[in-house]
Amino acid sequence: MMNFIYSFFNQPSIIIGLITMIGLIALRKPISDILSGTFKTILGFIILSSGGGIISDTLVEYFIPAFENAFHMQGVMPTNEAVIGAAQSMFGTEMALIMGLGFLINILLARLSKLKYIFLTGHMVLFMSGLIAVVLATLGFEGAELVIIGSLLNGIIMIISPAITQPYMRKVTGSNDIAMGHYNGFNYMFCAWISKLVGNKEKSTEDVKVSDKWNFFRESTLTLSIVMTIIFVITYIFADPAVTTELSGGDNVIMFAVIQGLTFGAGFIIVLYGVRMMLGEIVPAFKGISEKIVPDAIPAFDVPVIYPYAPNAVLIGFIASTIGSLVMMFLCPALGLPVILLGDGVFFVGAGVGVLANKTGGLRGTIISSFVNGVLLTLLPALMLPMMSSLGFSGSTFGDCDFAIIGIVLGFLGNTFGRMGIYGLLAILLVIIFIPSFIPKKEKSSN
């Protein structure tokens, strides 16, 4: 039974498809529309995930090893999947229960409070469930107490993370229809705010002029593919021939690097297609959920949903974040911190920060705040690594900033104040969620 629960909640495409189906049923759509909308949503999400997998595999398997060798960097690569694989072997049952019950608590809190966010990025919820289970168990929680406290924390985080990003999401999308369901909420919020302080939103990344002779660069997916191809080729030229030959499987190294750069671009195109297909079905279906189950419910999706809104910002955010990560990576030894290598999050998070930052601070704000994002993507996992080692996860750490912040906070409160520290945190977070419910709406002036 636990294996079924775990497997079910580990299939986000099925969950999102079921949610679409519920919404369409609530809207009393014909059976043909219900089936069509449900399967299109599932297929769209699978397409999105497949594109993301291509991007991730290209970076993790073929780029980062060559980069480490070319520039003589050794350290820890922040990888959520590696940590969760070990956590599952120790706390698989607890993780499954925390994940499933956390989702139900998310729905309940959305129903009862004014924060109407339904977190739909299943793999992120899985990773958070693993982090919470491991930290709480290390702090002495066990059995039903661990599951109940862990589920409450999980459900609360699923509400708060989209909430802190939503003011900037509304600026990008022009509506309140979708939210950010990606556990880098702190980065998205902070970097968009930094961009507003230092930038000029009137000069957008999307206004960058391209000469007619370079007209093909106006196609953002083509530009991204070309830039990534150049980065791959340069990295493979500087890397040890023995390493690049092994990575290429004996193929011509330069040609292999070119293909991998273009494969990265193809993965990005697949992501965009999946996003459009999925949102075309689930956003209308959520109207039914809003009316029948959670009034005004707002679905929180993975970060690629905002890429189409500012394609130039995606590329600029990625490049500036990469530079920030590299700078921090070289500074880590001088600061007495473990070296955190580039992870695939530099692209996914950097691109998302770029889109959000562009809306608040234009081109200049995007460059500066994305650089800050890259620094945070390296600094926060480095600060978390000692705690992960103390939990038995030597040489591994989470790659997304919300995990690092939550893990560090839980560890500090638990070690300093014991169980009461965790209970106190729960109480504070619940108060934060329900505070808006007690703030009266401002009446519109009749003048």
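Note that this is a predicted model, so its numbers are computed, not measured.
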Quiz prompt | Check: Phe348 main-chain N/O paired with Tyr307 side-chain donor or acceptor under 3.5 Å | solution = yes
Practice problem: Taking the side chain as every heavy atom from C-beta outward, state whether Lys359 and Thr205 have any atom pair closer than 4.5 Å. | Solution: no
Quiz item: Between CG of Leu331 and OG1 of Thr378, what distance do you get to the nearest 0.5 Å?
Solution: 10.0 Å
Quiz item: So, for Leu131 and Gly407, which heavy atoms are closest and what is the spacing to 0.1 Å?
Solution: CD2-N, 4.0 Å
Quiz item: Does Glu206 reach the main-chain N or O of Asn312 with its side chain, forming a donor-acceptor pair under 3.5 Å?
Solution: yes
Practice problem: Measure the spacing between CD1 of Ile408 and CG of Leu380 and express it to the nearest 0.5 Å. | Solution: 6.5 Å
Exercise. Please confirm whether the backbone N or O of Ala357 pairs with a side-chain atom of Thr360, one donor and one acceptor, at under 3.5 Å?
Key: yes
Quiz item: Once the angle between the rings of Tyr183 and Phe403 is folded into 0 to 90°, is it parallel (under 30°), tilted (30 to 60°) or perpendicular (over 60°)?
Solution: perpendicular
Quiz item: Would you say Met169 and Val172 make side-chain contact, with heavy atoms under 4.5 Å?
Solution: no
Exercise. Applying side-chain contact (heavy atoms from CB on, under 4.5 Å), run through Phe238 and Ile234 and close with a yes or a no.
Key: CA-CA 6 Å; Phe238 281 96; Ile234 292 173; 3.8 Å; yes
Quiz item: Can you find a pair of side-chain heavy atoms, one from Tyr117 and one from Ile160, that are under 4.5 Å apart?
Solution: no
Quiz item: If we only count heavy atoms from C-beta on, is the Leu136 to Leu153 side-chain gap below 4.5 Å?
Solution: yes
Quiz prompt | From CA spacing to verdict: side-chain contact (heavy atoms from CB on, under 4.5 Å), Ile118, Ile298 | solution = CA-CA 6 Å; Ile118 307 294; Ile298 304 171; over 6 Å; no
Self-check item: Any side-chain heavy-atom pair of Ile54 and Thr263 under 4.5 Å
Solution: yes
Practice problem: Quick one: closest heavy-atom pair of Leu410 and Val135, and the distance? | Solution: CB-CG1, 3.8 Å
Practice problem: Verify, without hydrogens or angle tests, whether Gln260 (side chain) and Val233 (backbone) share a donor-acceptor contact under 3.5 angstrom. | Solution: no
Quiz prompt | Polar contact flag, side-chain donor to acceptor under 3.5 angstrom, Asp302-Thr121 | solution = no
Exercise. Please name the pair of heavy atoms, one in Asn154 and one in Ser129, separated by the smallest distance, quoted to 0.1 Å.
Key: ND2-OG, 3.0 Å
Quiz item: Quick check, are the ring centers of Phe256 and Tyr62 under 6.0 angstrom apart?
Solution: yes
Quiz item: Say you draw a straight line from NZ of Lys114 to CD1 of Ile435; how long is it, rounded to the nearest 0.5 Å?
Solution: 12.5 Å
Quiz item: Which of these passes side-chain hydrogen bond (donor to acceptor under 3.5 Å, both in side chains) with Arg170: Thr165, Asp177, Asn176?
Solution: Asn176
Exercise. I would like to know whether Leu326 and Thr322 meet side-chain contact (heavy atoms from CB on, under 4.5 Å); could you show each step before the answer?
Key: CA-CA 6 Å; Leu326 290 174; Thr322 300; 4.2 Å; yes
Quiz item: Is any side-chain heavy atom of Arg111 closer than 4.5 Å to a side-chain heavy atom of Pro295?
Solution: yes
Quiz item: Just how far is it from atom CG of Asn187 to atom CG of Asp402, taken to the nearest 0.5 Å?
Solution: 7.5 Å
Quiz item: What class does the angle between the rings of Phe190 and Phe186 fall in, given that below 30° is parallel, 30 to 60° is tilted and above 60° is perpendicular?
Solution: parallel
Quiz prompt | Check: Ser370 side chain, Thr366 main-chain N or O, donor-acceptor pair, under 3.5 Å | solution = yes
Quiz item: Between atom CZ of Phe119 and atom CD1 of Ile107, what is the distance when rounded to the nearest 0.5 Å?
Solution: 13.5 Å
Quiz item: For Asn373, does its backbone N or O pair with a side-chain atom of Ser321 as donor and acceptor, under 3.5 Å?
Solution: no
Quiz item: How long is the gap from CD1 on Ile34 to CD1 on Ile22, to the nearest 0.5 Å?
Solution: 11.5 Å
Practice problem: Compare every heavy atom of Gln166 with every heavy atom of Met180, then report the nearest pair and how far apart it is. | Solution: N-OE1, 4.3 Å
Exercise. Give the minimum heavy-atom separation between Ala110 and Ile159, together with the two atoms involved.
Key: N-CD1, 3.9 Å
Practice problem: Taking ring-ring contact (aromatic ring centres under 6.0 Å, His included) as the test, write out the residues that go with Tyr168, two or more places apart. | Solution: none
Quiz item: Is there side-chain contact between Val258 and Phe232, with heavy atoms separated by less than 4.5 Å?
Solution: no
Quiz item: Is there a side-chain contact between Ile433 and Leu429, using heavy atoms and a 4.5 Å cut-off?
Solution: no
Exercise. Test side-chain contact (heavy atoms from CB on, under 4.5 Å) on Lys201 and Asn358 and set out the steps.
Key: CA-CA 7 Å; Lys201 66 179 181 180; Asn358 174 58; over 6 Å; no
Quiz item: Looking only at heavy atoms, which two atoms of Leu430 and Leu109 are closest? And how far apart?
Solution: CD2-CD2, 4.2 Å
Quiz item: Do Asn184 and Asp400 meet the criterion of a side-chain donor-acceptor pair at a distance under 3.5 Å?
Solution: yes
